[in-house]
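Beneath this line is the structure, given in C-alpha cells, with notes to follow.
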Amino acid sequence: MPRRIFITGASSGVGAALAAHYAAEGASLGLVARHGPALDALGAKLPATSALYPADVADFAAMRAAADDFVARHGVPDIVIANAGISVGTLGEATEDLPAVERVLRTNVLGLAATLAPFVVPMRERGSGILAGIASVAGFRGLPGAGAYSASKAAAINWLESLRVELAGSGVAVVTVCPGYIDTPMTRVNRYRMPFPLGADDAARRIARAIEARRSFVVVPWQMSLVGHAMRLLPNALYDALAARAGRKPRNLPL
C-alpha cells in the first residue's frame, strides 16, 4: 500500500520539492497551497493519487475540511509536513508593519497548528505516524528587521516541542526541522550573503531523511546547527553588536 503524505505550502520551494520527492516513491499525496494555479500546475506533473487543496493554512475551517477529505479518500496520513510559511522584513517602530506582523504570525504559527491538529487524534488512535513542522534557525535569536519572522519560528519550535511531549509514548513522532538558507522565492529577495545555501531539491531530500529517522529536532544543513548553537551561546551584548550590522530582509514584500 502506498504511503500517505500530507504537505502544506506545496506549490513552490521546499514544499514542491518534497511533493516531487514523495511522488517519486509512489506516495499518495495531499497538497495544500494558497496559490491555486501554481498548485494545479504541480498537480499536473504528479500521479493521479494526488489530492489538491487550494487553501490558506490560516483558515482553520478550510484546513479541517482538507484533512477530513484526505482521510476519507486515502486514510490517515503516515506523514504530515506543516511546511507553509511566509517571510517579510518588519520593524518594531513601524506601526504600518503591524498588518504584516499579524499575517506572518497567523501563517507561520496558527497555520502550523491548524495543519497538524486535525491529524493528532486519528494518528494517536492508530498508534503511529509522523507530524513534522518546518521552523527555521531564524527562531533561535531575534533577527533585526525580521522580528515577526523570528518570533513566528521561535513560537513554532516551542509549539512543536509541546506537541512532542504531549504525544510521548503514543507511537506518533513529532519532528521539528529548522532549515538554514534554501534557494526559494522567499530567500531570493535577500540582499545579503547567506551562509551554507542549499537548493530546494537537496534540502527536500535531507528533510525527508530526518523525518524518516523520526528525529525530534534537526537543523538543515548540519553546518547551520553550528551557527545556530553559537548564536544561542553569545552573550546579549556581543550578539547585539554583531547583529546590528547584519543584513536585513526587505520590507513591504507581497504576502
Side-chain angles (χ1 to χ4, degrees), residues 3-10 13-15 17-19 21-22 25 27-32 53 57-58 60 63-64 66-68 70-71 74-85 105-140 149-180 182 203-222 224-225 228-229 232:
R3 291 199 300 171
R4 295 152 294 195
I5 317 290
F6 191 90
I7 305 170
T8 63
V14 173
L18 284 167
H21 173 85
Y22 287 113
E25 297 181 352
S28 297
L29 300 176
L31 305 177
V32 179
Y53 304 102
V57 293
F60 305 156
M63 291 307 298
R64 177 86 246 185
D68 290 345
F70 184 81
V71 170
H74 298 286
V76 178
D78 299 290
I79 299 174
V80 178
I81 306 176
N83 166 74
L105 292 173
R106 282 191 59 82
T107 299
N108 296 0
V109 183
L110 297 178
L112 180 144
T115 298
L116 300 181
F119 299 107
V120 171
V121 171
M123 279 190 174
R124 184 166 53 199
E125 289 177 346
R126 186 182 61 191
S128 66
I130 302 174
L131 299 167
I134 307 300
S136 170
V137 294
F140 294 175
Y149 187 69
S150 289
S152 73
K153 293 305 183 178
I157 290 168
N158 283 278
W159 192 90
L160 289 163
E161 184 165 63
S162 295
L163 181 62
R164 187 182 75 238
V165 176
E166 290 169 9
L167 290 173
S170 69
V172 180
V174 177
V175 177
T176 301
V177 182
C178 290
I182 299 173
R205 286 191 293 271
R206 296 181 190 219
I207 290 169
R209 283 199 301 269
I211 292 172
E212 299 293 341
R214 299 166 71 95
R215 295 180 62 181
S216 61
F217 188 93
V218 62
V219 177
V220 177
W222 66 265
M224 283 302 294
S225 67
H229 186 63
R232 284 172 159 172

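Numbers here simply count residues along the sequence, with the first being 1. Side chains are part of it too, since the values below use all heavy atoms of this structure and drop only hydrogens, waters and symmetry mates.
- Contact check for Leu131 versus Phe119: side-chain heavy atoms found under the 4.5 Å cut-off.
- Between Glu212 and Arg209 there is no salt bridge, since none of the side-chain N atoms of the basic residue sits less than 4.0 Å from a carboxylate O of the acidic one.
- In this structure, CD1 in Ile79 is found 4.5 Å from CD1 in Ile130, a value given to the nearest 0.5 Å.
- Annotation: side chain of Leu160 is not in contact with side chain of Phe217 (no heavy-atom distance under 4.5 Å).
- How far CG of Leu105 is from OH of Tyr149: 12.5 Å, rounded to the nearest 0.5 Å.
- Although no hydrogens or angles enter the test, the distance criterion places a donor-acceptor pair under 3.5 Å between the side chain of Asn83 and the main chain of Gly9.
- When side chains are defined from C-beta on, His229 does not count as touching Val219, because their heavy atoms never get closer than 4.5 Å.
- In this structure a side-chain-to-backbone donor-acceptor pair under 3.5 Å is present from Lys153 to Ile134.
- Judged as a ring-ring contact (aromatic ring centres under 6.0 Å, His included), and not counting sequence neighbours, the contacts of Phe70 are Phe6, His74.
- A donor-acceptor pair under 3.5 Å is absent between the side-chain atoms of Arg4 and the main chain of Gly75, judged by distance alone.
- The shortest distance between side-chain heavy atoms of Leu116 and Leu112 falls below 4.5 Å.
- No donor-acceptor pair under 3.5 Å is formed between the side chain of Thr107 and the backbone N or O of Gly85.
- Atom OG of Ser170 and atom CD of Glu125 lie 11.5 Å apart (nearest 0.5 Å).
- The two residues Ala19 and Leu31 make their nearest non-hydrogen contact at CB-CD2, 3.9 Å.
- Between Arg206 and the options Val177, Ile211, Val220, a side-chain contact (heavy atoms from CB on, under 4.5 Å) holds for only Val220.
- Smallest separation of non-hydrogen atoms from Pro118 and Arg64: O-NH2, 3.6 Å.
- Side-chain N or O atoms of Arg106 include one that pairs as donor or acceptor with a backbone N or O of Ala58 at under 3.5 Å.
- At least one side-chain heavy atom of Arg124 sits less than 4.5 Å from a side-chain heavy atom of Leu167.
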